[in-house]
Structure formats: structure tokens, C-alpha cells
Student: 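So that we are looking at the same thing, I have put the structure below in C-alpha cells.
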4 protein chains.
Amino acid sequence: MPSEKTNKEKLILDAAVSLFTSKGFVATRMEDVAKTAGISKGLTYFYYKNKEDLFMALTKKAFDQFKDEFRDVYRSKGKNGLEMISELVVRIPAFAKENQVYYDSILNFLDLMKKYNNPETREQIDPKTLASDHFQKLLEIHHEPAKLGVMMISQGIKDGSIRPELQPEITFYTIWSMIIGYEKMMGPIDYEGKEIKITPSNWQPGFLKLLQDMLKGTIQAVKPSTVQGSLF
Amino acid sequence: MPSEKTNKEKLILDAAVSLFTSKGFVATRMEDVAKTAGISKGLTYFYYKNKEDLFMALTKKAFDQFKDEFRDVYRSKGKNGLEMISELVVRIPAFAKENQVYYDSILNFLDLMKKYNNPETREQIDPKTLASDHFQKLLEIHHEPAKLGVMMISQGIKDGSIRPELQPEITFYTIWSMIIGYEKMMGPIDYEGKEIKITPSNWQPGFLKLLQDMLKGTIQAVKPSTVQGSLF
Amino acid sequence: MPSEKTNKEKLILDAAVSLFTSKGFVATRMEDVAKTAGISKGLTYFYYKNKEDLFMALTKKAFDQFKDEFRDVYRSKGKNGLEMISELVVRIPAFAKENQVYYDSILNFLDLMKKYNNPETREQIDPKTLASDHFQKLLEIHHEPAKLGVMMISQGIKDGSIRPELQPEITFYTIWSMIIGYEKMMGPIDYEGKEIKITPSNWQPGFLKLLQDMLKGTIQAVKPSTVQGSLF
Amino acid sequence: MPSEKTNKEKLILDAAVSLFTSKGFVATRMEDVAKTAGISKGLTYFYYKNKEDLFMALTKKAFDQFKDEFRDVYRSKGKNGLEMISELVVRIPAFAKENQVYYDSILNFLDLMKKYNNPETREQIDPKTLASDHFQKLLEIHHEPAKLGVMMISQGIKDGSIRPELQPEITFYTIWSMIIGYEKMMGPIDYEGKEIKITPSNWQPGFLKLLQDMLKGTIQAVKPSTVQGSLF
DNA sequence: AATGAATGAGTCTTCATTCAT
DNA sequence: TATGAATGAAGACTCATTCAT
């Protein structure tokens, strides 16, 4: 009984994920969400104020799951900071591929934040989004994944796998930027092999190597054998 | 006289840019575009098949202008490859800020490409987009800016400002990824100073430094203390 | 309660009949239908997929009612086959006059069938018409009235009121053709009395007589002078 | 030179016929008519007041041509009245098949006449139709074909091929009704062979026979066995 | 005679959301 | 909690027609 309510809520969210994945946000009608969830249209509005609220709830879940990825990496034993970051480079695009909608919702939230932080563009945001409780919660938690990332850099500096002169926040956000852009560029690159000497499969190792070079810096001259060998 | 025809077309496009900027694509009605352009609704459809076609025309112009940025940098005298790339890091976010809609349309096109290249997701693209002549042209020209970027890397390798072991295509696309992500992350970072020790203004030099480190590689081993200390 | 659902549907259909009658199909806007039915525009689309679907629903009802006319005649006691057919000649034009839209929709469906049966012209039919469930049902039932008509001829042959050498199907369809044409020619003939010695009122008995002659055949040989003279 | 004007007019009309045939009246845009005719949109309006006027011009031509069919039959030597009528039964459906649009426009005009003759429905007619000069001319000439038909009946009565007691006007209009309905029913009958024992090819002789029986009357009493047996 | 850019009235249709039950 | 009939605002798009040239 007490979990039934939560159950329906989950049912709706799952339906939304499924439909947003296959048809996109705008093309998905609330009626379809309800039908897919096996409930009535009206009940959907009982659990979620409106379509935007539902999407924010989905975004919230996306961030939670995204954070789990970071946490898993951070908690994994036997990894130095650089290795953690390197694993992130693999994990995040994988997460994006497997959880398309979640990842898209995260990027969408980033765009939302840009508008939100600029008084001039803030009014472009749908009032219903602003009013969503889930949105408000996202305002609080959305940098949690990044916080873990920053901790990884700090860890790397401590364990010597990352250049000591690097500033953790700046460094991590730069890394994250790289990954976000990397994932975004993957699309256009695909299938264009004829014209451009770059493919998803040959880019990945190159990308990782550049990123590591950036982080390791001079260290590699000091003790190159111990660290690098294992990664490439 | 001869430019009158083109004039109306341009008028519409300008109106679209203006409205898409202030209200967004979906919130902008074709009637408003016409009104803003000072013409009738029907004429809008005379020059552009439909709303999507208009947007693709806008995207096409965005790419043209974006390419000009690259060309300007590439043609600028007295710059080595690394300096060109560095300038790009400044120019692109600036372009994004000044030409919000153009930049957004470019990113949107990148997403479109991802869907387009995947047979499963291709059908998610609006048929009207696919049918647009401007879209077809974009398919041909959309990697031109990147081509110039790749040439900059090659130039850097030639002139010794960029590590010789780097592969131009992979390197440039990685750079571009960084920039795209950088621009995207700028939003959430803004105004969050209280919690995170990173702001748009302190990130930029750090970001640039990291990027340069990545490209120069061994150079930094020469005089690491003098250079880095000042930047962080 | 249980009939409420049906009620709204019927309300819409009735409104459509009324408006199609007074303004015609194209000139009638869905909004007017809704307004006339006393409901909202949206609800109209809840019950009927689109304007064409609504029209096909109307056509379906027209055929049902048209069939009832045939059934009534067929079931009427004390009539031989020829008398049934004769009654049909009176009933159908009367039906056409009283149920203008229904009758027109039936003729329209006949035209639709001609296009539908020809692969070359089939594509001229509105896809929405083809997709209508009501259209699909019409494909199944549209010859039911004619079946009853054929049975009347058969009956007439059995009871001796119709020439035994006549083939029922061919004969009935010929009769039906006559009636359709008769109804159609009624328009141009009306009010043209000055130029042509034929009016709706003097045509009807003549038409009926000719039709009966055609069916009875030999009977007229018995006493040709006495019967015919009076009628013309 | 003097015929050029007429030439363009004809070009437009031909284009209209062609397009109305393939797409129907409503689906045909004036722009297409102009394009097909190889002239500009504006010129179309120079020769024809509007779309309705163009259609009325087409209808006028249809009647002219239709009348020619009647005249040809009437003038053909060596035929008695019944044979003329019989030929009409073959000729009219053939005309309908070969000149679909012309025939349809004639039927459309018949419907128009019905509305025109009824004060209550007259207002349903598009004012532009009413204002068309071609429409006005049609009001004068539209019964000319029928007049010839009536003359054929009279001729048949004179030459003994048609029962003397028949009233020419009533008889011919009845015949014409039959033919109109016959043509209209042809559509639904086509391809329905499985369910109904009637096909376009077996109906035609049966239809003709019935019609002749109707007209000849007493003749069939003379030698009924020889004639009827073979046809049914 | 001829052009074709320009107009704008006219309408179907969608769908998020509500609310009586 | 749960339903689903009912609402109505919102917007893209068409096309006959005009008119300056």
C-alpha cells in the first residue's frame, strides 16, 4: 500500500523515459505517457503537475543516476586520480549512449541553467519549469556529480598521478567540457569516414591520450614506465 | 532592383534570428516573423517552404558565418598553429555569445547529424527538415569549419608550436569538443561562485592553459615554474 | 447515463447533417459543427478523427437509413414484386428530397467507389477518407440496399408480375440507374416549363409507366390501347 | 496574331481539363493551371475572371461537345429513331469515359440547376459561379442536347421503331435518366464480381435490351422468342 | 498582353490540462 | 486515488486573387 503510490509514480516516469527516447519530448503526448504507463491521463496529473514537471522529475532522476556513475568510479578501489578520470571518459559517453534521454535531459538542464543565470534570458524559461519542485531540487543538487569529479582531480594530485600545479575545479570542469563536447561531436563524425580521417573508434584512444597528456604533464618525464604502460 | 528579391529573403531571415533569439524556435510564430520582417505571412512561405526550412536556412547562414571565424583566424598573419587554436578558444565562445541563435542552430545541427547517422533515430527527424534544400546543402558543407581547424593543427605541427606526434584530425576534433563543452558548461558555472571555486572569468585562462599544455606537450618541461605559476 | 456517450456522437452528426444541408460540405467549418452541436471543437475530434471521418460516418448512417427504405418496401405485405419496385420509384426520390444530405452522401460514395475501383484514380481519394473506419465499413455494406432490390425483382418474377426472362441483378441495377438519373434530372427540368413540355409532375407518372412497361413486357400486348392512352 | 488570344485561352482550358482530370477541381491550383499552360498566373486571370469562371467555361465546352455527340447520332443516315437512341446508350458512357472531366462538369451543372431552381438552395451556389458569363450562356443552351434527344424519339415514333403512344419529352428524359444512372452505377459494380452477378460487360447488353423493350413495346409481341432468348 | 511578387483571409487540427464523478 | 470526457487556446499553412511594372 504505501509503496503503491510510489509505484505509479515510477510507472509514469518509466513510460516517459521510454517515449521521450523514441519520439522526443515535444512529440510525446501526455496521453501516450498515461497509456504506456497503463493508467489514466488524469492520474498522470495527480503525480506530476504538468508535462514540464514530469520532465524535471525525469531530469532529477537522470542527475541521480549520473551521480551514481561518478560515485562508482570514485569508490572503486585501487585507482589513482588519473585512472578515475580516465574511466570517466569511458563511462560518461557510455552512459549517454545507454541512457540517451537521461543524458539529453542533463544537457537540457545545463542550457536551462545558462538562461536561468542570465536575467535577460531567464524569462525564456517556461514558468511551469520554474515552478516545478523537481526543478528547485535540481538547483540544489546539479553540481554534485561535478563535486565528485573535482575530488577525483584532488585525489590525483595527492597520489601524484596528476600534475600538482593544476587547480582541481578548473581542471575538472575542463575535463567535463571535453567529455560533453566529445559526446556531441560523435554524431557528425560517424559515417563520414570518407572525407575525414577520424572515426568514433579511432578518436576515442586519441582523445583519451590527449586528455591524459594534459593532466600528467611533466610527470610522464619523471616516471613514465610505471604509470603509462597500463593505460595504453 | 536586382537586390530587392534577395532583400525580402534577408529581411525574413533577420526577423527570424531576432525572434528565435528572444523567444526561441518553438515560441516564435511564423506570423510574428512576417510581421517583424514587415511583410505578409504568405510571402514568408513564398521564400521559405515552412518553419523548418526557414530554420535550416538560418543554420546554413550560421555555418557560413562560423566558417568565416575560422577563416579569419587561419588567414591572420604572424600566427603559429598554436596561437591560431588559442585564438579559436577565445573566438568561438565569443561568437556563441554574440550570435546565440546561430551558435544554437549549429549545435542543433550536430544533434540532427547524430540522429541522421543512425538509421534507428533518423525517423525522429522532422520530414520537413529532411526535405529542406538548405538541410541538403548543410550536409555538404557542415564540416568545412572543422577542415580549417584541422589545417591549423597541421600548421602548428609544421611550425613546431604543436607536438609533432599528434594526429591533426583527432587533435582538432578533441579541441573542438573541449570548446563546445566549455561553452555549454559556462552557463551552470555562472553565478555559482559560493559553492564552487570556479567562475567564468577564472576558468577561461585555466582552460586555455590546459589546452595549450595538451598541445605543446614537452615544451612545458623546459621552464615549468615560470610559466604556470602565474596563471593559476 | 449509458446513452450519454452516444448522445454526443449523435449530436455532432445531427449538427453536421444540418450544416452540410444548408451550407454544403466544404463551406461547413468544424467549428460550426461543434457550435451547432453545443459542444467544444475539441470534442468533435474526440468522436470523429477529422472532417472526412465525420462525413463517412454520415454516409454510413445514410446507407443504413436508405437500406431501411428498401427493407420497409420489401417487408410490406400484400405487394407483388412489380408493386414493390414501383413503390421504390416513389420512395427513393422522396427520400432524396427529405434527406438531401444523406442522399447526396450516397451518390458521393458511388463516385468514390468508381475512383476506388480504378487503380489510376484511387490516389485521388483523400487519404483521410480511406483511413476512416466508417469508410471501411461502408465498403462492406454499401451494396446491401441493392441486394434487397434484386430480391424484389426475383420476387416479381416468382409472382408473375415481372417478365420471367429478366435477369434479376441486371434488371434491378438498371432500375436503380433509372431512379438515380431520374432524381438527378429533376433539377434541370424544374421551372423550365416554358421551353420543354415536361415538368416534375407530369414526368413522374410517365416515368413510372415506362418502367412498368419495361418490366411487365407482355402484359401491354393484351390491351395496349386502353391502358396507355390515359397516362400520356 | 488575331488568333493568339484565342490560343492562350484554349491553352488554359486544356491545362484545366488535364489537371482537373488528374487531381480534381479543388485540388487543382490556379498556379498549376498557369504553369501547365505555360503562361503566368496573372494571365490566367486576364482570360478567366476566376476559378469558377474557368470551370464554367470548361462546362460550356463540355456541353458543346456533348451536343456534338447527339448531333452526330441524329445526322447519321440510315438509322431509325430506336437505333439512334440505342447508339446514344453506347455513345454517352463512352463519352463519359473518354472525357471524364467534361462529363463530370455536365453532371455538376445538373446539380447546380437543381439548386438554382430552388429559391431556398440557390444561395448555396457560389456568387462567382452565378456571375460567370459562361454560366449565363449555359442557362440558355444546356437543354440543347436533350432537344436533339427528343427529336430522336419523335423520329422513332414517325418511323415506327418506337411505340406511338409514348410522349417524346417524357420518354427521352427517362432514357437520359437511365443513361446517367447507368454511368454512375458503373463504378460500384466494377470489381465486385464475387458478390454480385453483374459486371460492366454483362450489364451493358442487358441494359440496352431493357431500354429497347421499353421503347418498342408492341414489337416484341410480334416475335418475342427470337429476340429475347439470345440476350439474357 | 504578360509577369510574378505580394497579400491575407480562412481552417483544420493538436494537445496540455481540468473536473465532475 | 482514479477515470476519461470535455475544453479551448494556439498556429502552421494554403491559395485565390491582385497589381505594380
Side-chain angles (χ1 to χ4, degrees), chain A residues 1 4-5 7-9 26-35 38-54 126 128, chain B residues 1 4-5 7-9 26-35 37-54 128, chain C residues 1 4-5 7-9 26-35 37-54 128, chain D residues 1 4-5 7-9 26-35 38-54 126 128:
Chain A
M1 286 287 177
E4 248 189 69
K5 184 177 178 176
N7 199 31
K8 287 281 167 65
E9 229 173 310
V26 278
T28 298
R29 290 170 307 153
M30 288 299 269
E31 181 151 25
D32 293 337
V33 173
K35 206 168 285 172
I39 60 165
S40 75
K41 216 190 307 188
L43 197 56
T44 305
Y45 282 88
F46 180 80
Y47 288 110
Y48 299 97
K49 259 178 192 150
N50 49 50
K51 203 181 176 184
E52 278 69 29
D53 187 43
L54 173 58
D126 190 318
K128 279 174 284 184
Chain B
M1 287 281 177
E4 248 189 68
K5 186 178 178 176
N7 203 29
K8 288 283 164 65
E9 227 172 314
V26 279
T28 299
R29 288 171 307 152
M30 288 299 269
E31 184 151 23
D32 292 339
V33 173
K35 209 165 283 172
I39 58 162
S40 72
K41 209 190 319 182
L43 197 57
T44 305
Y45 283 90
F46 183 77
Y47 287 109
Y48 300 96
K49 270 192 180 128
N50 47 50
K51 206 180 174 183
E52 279 69 30
D53 188 42
L54 174 58
K128 277 175 282 185
Chain C
M1 288 277 179
E4 249 188 65
K5 185 177 179 177
N7 204 29
K8 288 283 165 65
E9 228 173 311
V26 280
T28 299
R29 288 172 307 152
M30 286 301 267
E31 185 150 23
D32 292 338
V33 173
K35 208 165 283 171
I39 58 162
S40 73
K41 210 191 314 185
L43 197 59
T44 306
Y45 283 88
F46 182 78
Y47 288 108
Y48 299 96
K49 269 190 181 132
N50 48 50
K51 207 179 173 184
E52 278 70 29
D53 187 43
L54 174 58
K128 278 176 281 186
Chain D
M1 284 286 174
E4 248 189 66
K5 183 175 179 176
N7 202 31
K8 288 278 167 67
E9 229 174 310
V26 279
T28 298
R29 289 171 307 155
M30 287 300 269
E31 181 150 26
D32 293 337
V33 173
K35 206 167 285 172
I39 59 164
S40 75
K41 217 191 306 189
L43 198 56
T44 305
Y45 282 88
F46 180 80
Y47 289 109
Y48 299 97
K49 258 178 191 152
N50 48 48
K51 205 180 176 184
E52 278 69 29
D53 187 43
L54 173 58
D126 191 318
K128 279 175 283 186

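Here is how names work: the chains are called A, B, and so on, in the same order as the sequence lines, proteins then strands, and each is numbered from 1.
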Student: In whole angstrom, what separates A:Leu43's CG from F:dT3's P?
Tutor: 6 Å
Student: Atom CG of B:Asp32 and atom NZ of B:Lys41: how far apart are they, to the nearest 0.5 Å?
Tutor: 10.5 Å
Student: May I ask you to say what A:Thr28 touches in the nucleic acid, namely base, sugar-phosphate or nothing, with a heavy-atom cut-off under 4.0 Å?
Tutor: sugar-phosphate
Student: Taking for each residue the nucleotide of DNA chain E bearing the nearest heavy atom, is the 5' side occupied by B:Thr44 or by C:Glu52?
Tutor: B:Thr44
Student: From OH of B:Tyr47 over to C1' of F:dT14, roughly how many Å is that when rounded to an integer?
Tutor: 18 Å
Student: Would you mind telling me which of E:dT18, F:dA2, E:dA2 lies closest to the side-chain atoms of A:Tyr45?
Tutor: E:dT18
Student: Rounded off to whole Å, could you give me the CZ-to-P distance for the A:Phe46 and F:dG4 pair?
Tutor: 17 Å
Student: For the side chain of C:Met30, starting at C-beta, report the closest nucleotide among F:dT7, E:dT17, E:dT13.
Tutor: E:dT13
Student: Answer whether the closest heavy-atom distance between the side chains of B:Met30 and B:Tyr48 falls below 4.5 Å.
Tutor: no
Student: Roughly how far, to the nearest 0.5 Å, is the NZ atom of A:Lys35 from the OG atom of A:Ser40?
Tutor: 12.0 Å
Student: Write down the atom of A:Leu43, the atom of A:Ile39, and the distance for their closest heavy-atom approach.
Tutor: CB-CD1, 3.9 Å
Student: Rounded to whole angstroms, how far apart are CD1 on C:Ile39 and P on E:dT18?
Tutor: 21 Å
Student: Could you state the CD-P distance from D:Glu9 to E:dA2, rounded to the nearest angstrom?
Tutor: 11 Å
Student: Could you work out which one of F:dA16, E:dC12, F:dT3 sits closest to the side chain of C:Arg29?
Tutor: E:dC12
Student: Nearest heavy atom decides the nucleotide; on that basis, is D:Glu31 or B:Lys51 closer to the 5' end of DNA chain F?
Tutor: B:Lys51
Student: Check the distance between F:dT14's P and D:Asp32's CG and give it to me in whole angstrom.
Tutor: 13 Å
Student: Which listed nucleotide (E:dT7, F:dA5, F:dA12) is nearest to the side chain of B:Lys128?
Tutor: F:dA12
Student: Please determine whether any donor N or O and acceptor N or O are separated by less than 3.5 Å between the side chain of D:Lys41 and the base of F:dT17.
Tutor: yes
Student: Let me know the distance between OH of C:Tyr48 and P of E:dC12, rounded to the nearest Å.
Tutor: 17 Å
Student: Take atom NZ of A:Lys35 and atom P of F:dT3, then tell me their distance rounded to the nearest Å.
Tutor: 13 Å
Student: Applying the Watson-Crick and G-U wobble criteria at under 3.5 Å, what pairs with E:dT18? Answer none if nothing qualifies.
Tutor: F:dA5
Student: Judged by atom type as modelled, is there a donor-acceptor pair below 3.5 Å linking the side chain of C:Lys51 to the main-chain atoms of C:Thr28?
Tutor: yes
